[in-house]
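Below: the structure, in structure tokens.
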Amino acid sequence: MNDSTYKLSELAFLVDGEIAGGPDVVIHGMGDISTAQPGEITFIVKVGQVDEIAATAAAAVIVPLAMEKAEKPLIRVKDPYLAAAIIHNHLLAAPFTASGIDDRAVVGNDCHIPTAVAIGPMAVIGNRVVIGERVTIQAGVVIGDDVTIGDDVILYPNVTLYNGCRLGNRVAIHSGTVVGSDGFGYATDEQGRHVKRPHVGIAQIDDDVEIGANVCIDRGTFGKTWIQQGAKIDNLVQIAHNVVIGAGSIVVAQVGIAGSATLGRGVVLGGQVGIKGHIHLGDRAMVAAQSGVHGNLQQGAIVSGSPAIPHREWLKASTLFGRLPKLNQELREIKKKLAELQKDQSDTSSGN
Amino acid sequence: MNDSTYKLSELAFLVDGEIAGGPDVVIHGMGDISTAQPGEITFIVKVGQVDEIAATAAAAVIVPLAMEKAEKPLIRVKDPYLAAAIIHNHLLAAPFTASGIDDRAVVGNDCHIPTAVAIGPMAVIGNRVVIGERVTIQAGVVIGDDVTIGDDVILYPNVTLYNGCRLGNRVAIHSGTVVGSDGFGYATDEQGRHVKRPHVGIAQIDDDVEIGANVCIDRGTFGKTWIQQGAKIDNLVQIAHNVVIGAGSIVVAQVGIAGSATLGRGVVLGGQVGIKGHIHLGDRAMVAAQSGVHGNLQQGAIVSGSPAIPHREWLKASTLFGRLPKLNQELREIKKKLAELQKDQSDTSSGN
Amino acid sequence: MNDSTYKLSELAFLVDGEIAGGPDVVIHGMGDISTAQPGEITFIVKVGQVDEIAATAAAAVIVPLAMEKAEKPLIRVKDPYLAAAIIHNHLLAAPFTASGIDDRAVVGNDCHIPTAVAIGPMAVIGNRVVIGERVTIQAGVVIGDDVTIGDDVILYPNVTLYNGCRLGNRVAIHSGTVVGSDGFGYATDEQGRHVKRPHVGIAQIDDDVEIGANVCIDRGTFGKTWIQQGAKIDNLVQIAHNVVIGAGSIVVAQVGIAGSATLGRGVVLGGQVGIKGHIHLGDRAMVAAQSGVHGNLQQGAIVSGSPAIPHREWLKASTLFGRLPKLNQELREIKKKLAELQKDQSDTSSGN
């Protein structure tokens with residue numbers, strides 16, 4: 001956080017927005033429409049939110065292009081939600097504070113750690129770890145041997161990175177997340193004993209990936225588990241050995257992805273989805289919350305249900321699910337009538 | 001734990017119970033009916049458990065009012081399960097041991113920490129943290145800046161509280177739980193890049209809330225995520241940004257609640273339930289395990305399934321689900337008979 | 001990891017395999033068929049993978065017995081997947097390095113810790129803890145009072161063991177996992193307040209159990225929660241109070257098992273399965289991913305769905321689910337035709 005202020009015109013410039021009223025209004029923060037304070041900017045996403053603009057205490061409002069003017073100074077943009085995110089990040093931007101390595105952190109041998117880092121107390125870093133510029137490693141983080149970490153990474157408290165994992169630039173990992181633990185792989189002998197398969201691969205997290213809290217990303221059996229550039233992973237997600245998450249994919253909380261499944265670019269998985277192992281989800285495939293995907297998906301597929309079927313079909317089918325008792329009752333009545341008809345027919349045919 | 005002993009009459013008084021036999025029997029602990037030891041009290045919930053009373057080694061038994069006497073001294077109460085919980089807590093009650101702040105804990109600047117605390121080794125506490133009386137912070141807990149914690153709180157090992165979060169009195173949080181990490185919110189630009197929405201809100205946990213292990217409670221985007229008084233959250237639950245959990249609600253393990261959903265008072269969510277974002281569940285609504293709730297629920301609603309429907313309807317429908325192949329077969333047969341009938345009818349009509 | 005090398009014949013001997021070609025080929029590691037390097041051994045599981053053998057850079061290949069020879073030296077075995085696991089473990093086997101207790105670890109009073117251990121920095125061990133030979137306790141692990149740990153155990157970083165828990169020999173527990181936290185048990189009074197039930201039991205983990213990352217295993221209310229010999233638990237699994245997991249069972253990621261449920265020997269639960277409390281799953285029962293089991297299962301039962309039904313029935317029923325709209329349409333048409341027939345019949349009968 002910082003204490004910088006900006007003129008409305010400066011903020012509009014950031015998002016290619018048009019000003020309506022007060023270009024010199026001074027902004028120091030952002031709030032949401034109902035609770036924003038004087039000196040803050042806020043945003044709406046629908047033109048219909050006129051009353052909310054009238055009521056807000058905010059100094060200015062980011063609005064859709066379709067809204068030409070209002071009772072407040074405006075920044076008019078194509079996508080207010082996006083513009084608000086960009087402006088909010090700008091308002092909060094602050095230079096990196098290189099507090100160095102805390103005395104109570106532990107650093108192994110043969111590491112490469114630049115001066116511009118912030119490594120907190122009780123962080124434990126293994127041997128031969130390479131860390132980039134402006135990296136923040138908070139309290140209680142444990143990093144195994146031979147890990148490499150890019151620039152501008154932040155690891156929140158109590159994250160664990162197992163040995164050999166690789167993180168790109170601008171990666172953020174929230175508390176309690178475990179990267180690179182062994183995958184769940186056993187071979188079972190004739191006595192039913194499960195013999196562990198060693199996991200000699202790694203987990204690789206590419207640039208601009210953010211990972212939520214208490215996520216598990218297993219290392220590869222061989223090779224790597226791979227989260228590609230710009231993917232975003234929510235809390236409590238399970239990503240098994242050798243999974244590939246394509247660039248820009250979105251994985252909502254509590255999803256489980258089984259071993260060696262691969263996601264293309266821009267795939268979206270709703271919360272609590274399960275993905276079977278060894279299948280491929282094509283680019284931009286979308287899976288509704290709680291669905292279970294058992295087979296490959298074409299690019300752009302939109303599916304729901306467990307097992308997942310095309311979303312439109314699922315919508316119709318799931319509506320009928322609740323009406324199964326009624327359908328069943330109808331079937332009973334039809335059978336009865338049919339029997340009567342058959343009897344009548346038989347009577348008629350036999351001339352009675 | 002303590003070594004106090006109580007007379008049966010003292011324990012009966014606690015729960016407004018009636019003694020049948022031995023008011024002076026001395027009790028020092030509680031066990032379950034099959035493994036309780038001499039000197040312990042135990043309980044049954046059904047009158048029919050007479051044989052278990054005969055067999056138990058316990059010194060006394062808490063029983064329903066309907067049981068008038070048995071081979072053991074009894075405490076007769078309306079709700080033995082509740083009475084057992086109250087008595088067991090009483091038997092275990094012990095004064096707080098103020099061990100102070102361990103030498104190997106780290107405390108930031110400008111904190112307010114009373115003498116009567118127990119802060120373990122490797123705990124890390126940020127700046128401007130305010131802690132109440134008789135608070136226990138176990139090993140490896142990390143607390144961010146500007147956190148406030150009420151009285152009689154216990155944080156088990158390796159809990160993480162992000163900056164600015166607020167905990168009321170008598171809050172208990174189990175190991176690995178993360179409170180106040182960023183919510184999962186991005187705005188996507190025209191190139192498909194996900195721009196992070198800053199999360200400047202907090203998470204607030206009110207009095208008497210207990211939270212299980214490895215739970216994730218995100219901070220608000222703006223405003224707060226809010227767990228209200230007396231709610232109980234099981235392990236591995238996901239609570240997204242700006243969710244409100246009403247007072248006294250029960251959230252069983254592995255539930256996921258999406259952003260800005262709100263629960264009324266006394267709502268019960270079964271294990272692995274998913275709740276869509278931005279919906280409201282009325283007071284005392286109940287959702288069966290594994291269900292998915294996509295829309296608002298009235299107070300007192302009882303629902304099941306994904307998408308959730310009234311529980312009674314779901315029971316009937318889900319029974320029929322397994323009989324779909326049979327129903328389908330019947331439909332085939334009906335179609336066949338109908339075709340025959342039509343043919344016959346046509347023959348009859350045409351005078352053949 | 002080690003730098004040992006082995007002759008192919010030595011490795012074949014380990015797995016009772018037959019050599020075809022080059023018994024003196026020297027092997028120092030294992031890779032998968034597509035990326036293995038010279039000096040490494042690899043494996044295939046299907047005879048049809050002949051082309052992959054031709055293409056691999058590996059020095060030798062473990063193959064099914066049915067494959068008699070190929071372009072590479074072979075080890076022919078009944079189960080190549082199992083043989084590969086055994087050989088890979090052998091190649092990686094290294095003597096335990098007893099680094100002792102790190103200066104920055106904390107050990108309580110009256111513990112029994114042998115010389116041959118490796119306890120990392122920031123590990124915190126309570127009072128009266130008993131630890132076996134060759135135990136590895138990595139950074140940030142927290143162990144409560146009165147815990148007992150067998151020989152050859154490994155606890156990865158940031159694991160938490162609550163007081164009184166017991167671990168057998170050769171147990172491995174991955175990062176972030178919590179063993180022995182309180183179960184989710186409350187008695188509710190007439191005002192709707194949830195009175196916590198004390199949890200005075202423990203969690204017991206028997207020999208050869210491996211537990212993934214961010215798992216939760218609650219302690220017993222009384223008695224114990226019990227993971228029996230050789231069971232394998234994947235990441236993010238919830239195991240409630242007093243659950244018993246039978247020997248050799250396999251529990252895949254994100255499963256939730258409610259209180260007092262018991263699993264027999266060799267039970268397999270797919271990912272995201274939910275098991276109701278107080279039920280029993282017989283030996284070798286198998287539950288498909290995302291299923292919900294509401295009642296007892298016979299030994300060897302194979303079930304799917306929520307609520308779970310026999311897997312074969314579920315397969316048929318779930319196929320028909322997507323066709324519900326079509327079935328419904330057919331039902332409409334039948335009703336219409338039936339009405340017409342009734343009318344015709346009535347006309348015919350009445351002599352029109």
Side-chain angles (χ1 to χ4, degrees), chain B residues 1 29-32 35-36 79 81-86 88-89 92 104 120-122 138-140 156-158 172 174-176 208 210 212-214 230 232 234-236 248 250 252-254 265-266 271-272 289-290 306 318 321-325 327-328 331 334-335 338 341-342 345 348-349, chain C residues 104 106 122 124 140 142 144 158 160 162 176-178 181-182 184-190 192-198 200 214-216 218 221-223 236 238 240 254 256 258 272 274 276 290 292 305-307 309 313-314 316-317 320-321 323-324 327 330-331 334 337-338 341 344-345 348:
Chain B
M1 208 169 296
M30 179 175 284
D32 77 336
T35 60
D79 182 345
Y81 190 75
L82 174 62
I86 292 168
H88 200 178
N89 281 298
L92 294 171
R104 289 145 302 192
M122 311 310 171
Q138 297 195 344
Y156 288 91
N158 290 326
H174 287 275
S175 291
D208 300 302
E210 182 164 13
N214 285 339
K232 308 295 180 184
D234 200 354
N235 301 334
L236 289 165
I250 293 282
V252 178
Q254 295 177 318
R265 298 173 67 90
Q272 300 181 331
Q290 293 193 321
S306 180
S318 64
F321 175 77
R323 282 164 54 197
L324 275 180
L327 298 187
N328 185 45
L331 207 56
I334 287 168
K335 284 181 81 167
L338 201 54
L341 267 179
Q342 281 180 308
Q345 178 97 27
T348 307
S349 301
Chain C
R104 289 146 302 192
V106 176
M122 312 310 171
V124 176
V142 180
N158 289 326
T160 304
Y162 278 53
T177 284
V178 177
S181 54
D182 286 354
F184 195 66
Y186 302 90
T188 304
D189 72 14
E190 291 180 351
R193 282 183 301 237
H194 307 301
V195 178
K196 182 178 175 68
R197 297 194 62 200
V200 296
N214 285 339
V215 168
C216 295
D218 287 343
T221 313
F222 301 102
L236 290 165
Q238 154 67 358
Q254 297 176 316
Q272 300 181 330
K276 197 181 171 185
Q290 294 192 319
S306 179
I309 57 176
E313 292 177 28
W314 179 84
K316 289 180 200 161
L320 286 168
F321 174 77
R323 283 164 54 195
L324 275 179
L327 297 187
E330 288 183 355
L331 207 57
I334 288 170
K337 283 190 195 162
L338 201 55
L341 268 179
D344 291 351
Q345 179 96 28
T348 306

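Naming: A, B, ... by sequence-line order, numbering from 1 per chain. No hydrogens, no waters, no symmetry mates; every other heavy atom, side chains included, goes into these values.
- Annotation for C:L327 and B:L331: closest pair O-CD2, 3.8 Å, computed over non-hydrogen atoms.
- Using a 4.5 Å cut-off between heavy atoms, C:V195 contacts chain B through both its backbone and its side chain.
- Contacts of C:I309 with chain B are made by side-chain atoms alone, with heavy-atom separations under 4.5 Å and no backbone atom involved.
- Listed options B:M30, B:E210, B:R265 were ranked by heavy-atom pairs under 4.5 angstrom with chain C; first place goes to B:E210.
- Side-chain N or O atoms of C:Y162 include none that pairs as donor or acceptor with a backbone N or O of B:Y156 at under 3.5 Å.
- Both the backbone and the side chain of C:K196 come within less than 4.5 Å of a heavy atom of chain B.
- Between C:V142 and B:Q138, the closest side-chain pair of non-hydrogen atoms is not below 4.5 Å.
- Contact record, C:F184 with B:K232: CZ-O, 3.4 Å, taken as the closest heavy-atom pair.
- Counting heavy-atom pairs under 4.5 Å between each of B:A83, B:P325, B:A84, B:G120 and chain C puts B:P325 at the top.
- Side chain of B:H88 to backbone of C:R197: no donor-acceptor contact under 3.5 angstrom is found.
- In terms of heavy-atom pairs under 4.5 angstrom with chain B, the leader among C:E330, C:K276, C:M122, C:K316 is C:E330.
- Heavy atoms closer than 4.5 Å to chain C are found nowhere in B:A289, neither backbone nor side chain.
- The shortest side-chain heavy-atom distance between C:H194 and B:I250 falls under the 4.5 Å cut-off.
- Here the closest non-hydrogen pair linking B:Q290 and C:Q272 is NE2-O, 3.7 Å.
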Start with the C-alpha gap between B:D79 and C:D189, add the side-chain angles, then the distance that decides, and say whether side-chain contact (heavy atoms from CB on, under 4.5 Å) holds. CA-CA 9 Å; B:D79 182 345; C:D189 72 14; over 6 Å; no

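- Neither the backbone nor the side chain of C:T221 comes within contact range of chain B, judged by heavy atoms closer than 4.5 Å.
- Using a 4.5 Å cut-off between heavy atoms, C:Q238 touches chain B through backbone and side chain atoms alike.
- A side-chain donor-acceptor contact under 3.5 Å links B:Q254 to the backbone of C:Q254.
- With a threshold of 4.5 angstrom between heavy atoms, B:N89 approaches chain C through its backbone and through its side chain.
- Rounding to the nearest 0.5 angstrom, the gap separating the CG atom in B:D234 from the OH atom in C:Y186 is 7.5 Å.
- B:N214 places a side-chain N or O within donor-acceptor distance of the main-chain N or O of C:G176, the cut-off being under 3.5 Å.
- Put simply, of C:A187, C:S181, C:P198, C:C216, the one with the most heavy-atom pairs under 4.5 Å next to chain B is C:P198.
- The parts of C:D182 that come within reach of chain B are both its backbone and its side chain, each placing non-hydrogen atoms under 4.5 angstrom from that chain.
- Note: B:L236 leads B:I86, B:L236, B:T35, B:I334 in heavy-atom pairs under 4.5 Å with chain C.
- Between B:S175 and C:T160, the closest heavy-atom pair is OG-CG2, 3.3 Å.
- B:N235 and C:D218 get closest at one heavy-atom pair: ND2-OD1, 2.9 Å.
- Considering only heavy atoms from C-beta on, C:P307 comes within 4.5 Å of B:S318 through its side chain.
- Of all the heavy atoms in C:A317 and B:F321, the pair that sits closest is CB-O, 3.3 Å.
- Within the 4.5 Å cutoff, side-chain heavy atoms of C:R323 are placed close to those of B:N328.
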